[in-house]
Amino acid sequence: MSMESLSWVLVVLSLAGNVFVIKKNVLGQWLWALANLGWISFDLYIEAYSQAFLFAVYLGMCIWGIVAWSKESSKA
């Protein structure tokens, strides 16, 4: 797969994650986490280190969201 194609796959994953988060579905956090892993790898490959750092922070926030949302759904 070309890097251009990979970037479009990651865009679609990111946008799909956003749709699920808007619907308050934890699947969105998982999609974002997967996309963020892809973006981190992509950015490291193109040597965009500051952007890789940004997506690493986003990944941490996704993990936080997954944990928090999972706790909330188990209480309900």
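In this chain, residues are counted from 1 in sequence order.
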Qualifying residues under side chain to side chain donor-acceptor pair (under 3.5 Å), relative to S50, sequence neighbours excluded: none
Look at the side-chain heavy atoms of Ile, Leu, Val, Met, Phe, Trp and Tyr, link any pair under 4.5 Å apart, and say whether F53 and I40 land in one connected group. yes
Taking V9 as the starting point, is it possible to reach V11 by hopping between hydrophobic residues whose side chains are less than 4.5 Å apart? yes
Mind checking ring-ring contact (aromatic ring centres under 6.0 Å, His included) for W39 and listing every partner two or more places apart, or none if nothing turns up? F42, F55
To the closest 0.5 Å, what do you measure between CG (L54) and CG (L59)? 11.5 Å
Contacts of type side-chain contact (heavy atoms from CB on, under 4.5 Å), residue L34, not counting sequence neighbours: L13
Can you confirm whether more than 12 heavy atoms, excluding those of W69, are under 6.0 Å from its CH2 atom? yes
Distance-minimising heavy-atom pair for A52 and L44: CB-CD2, 3.8 Å
Test of understanding: clusters of I, L, V, M, F, W, Y form through side-chain heavy atoms closer than 4.5 Å, transitively. Do Y45 and L37 belong to the same one? yes
Scan the side chains in residues 22-29 for donor-acceptor partners under 3.5 Å anywhere in the protein, sequence neighbours excluded, and list what turns up.
unit_1: N25; atom_1: OD1; unit_2: L27; atom_2: N; d: 2.9

Taking side chain to side chain donor-acceptor pair (under 3.5 Å) as the definition, give me every residue that meets it alongside E47, ordered by chain and number, with sequence neighbours left out. none
L31 side, atom CG; F20 side, atom CZ - distance, nearest 0.5 Å: 6.5 Å
Same cluster or not: are I63 and Y58 linked, directly or through other Ile, Leu, Val, Met, Phe, Trp or Tyr residues, by side-chain heavy atoms under 4.5 angstrom apart? yes
Do side-chain atoms of S5 reach the backbone of M1 as a donor and acceptor pair under 3.5 angstrom? no
So, using side-chain contact (heavy atoms from CB on, under 4.5 Å) as the criterion, who are the partners of A48 when residues are at least two apart? D43, I46, Q51
By side chain to side chain donor-acceptor pair (under 3.5 Å), W8 pairs with (sequence neighbours left out) E4
Quick check for you: to the nearest 0.5 Å, what is the distance between M61 atom CE and I66 atom CD1? 12.5 Å
When every non-hydrogen atom of C62 is compared with those of N36, the smallest separation belongs to SG-ND2, 3.5 Å
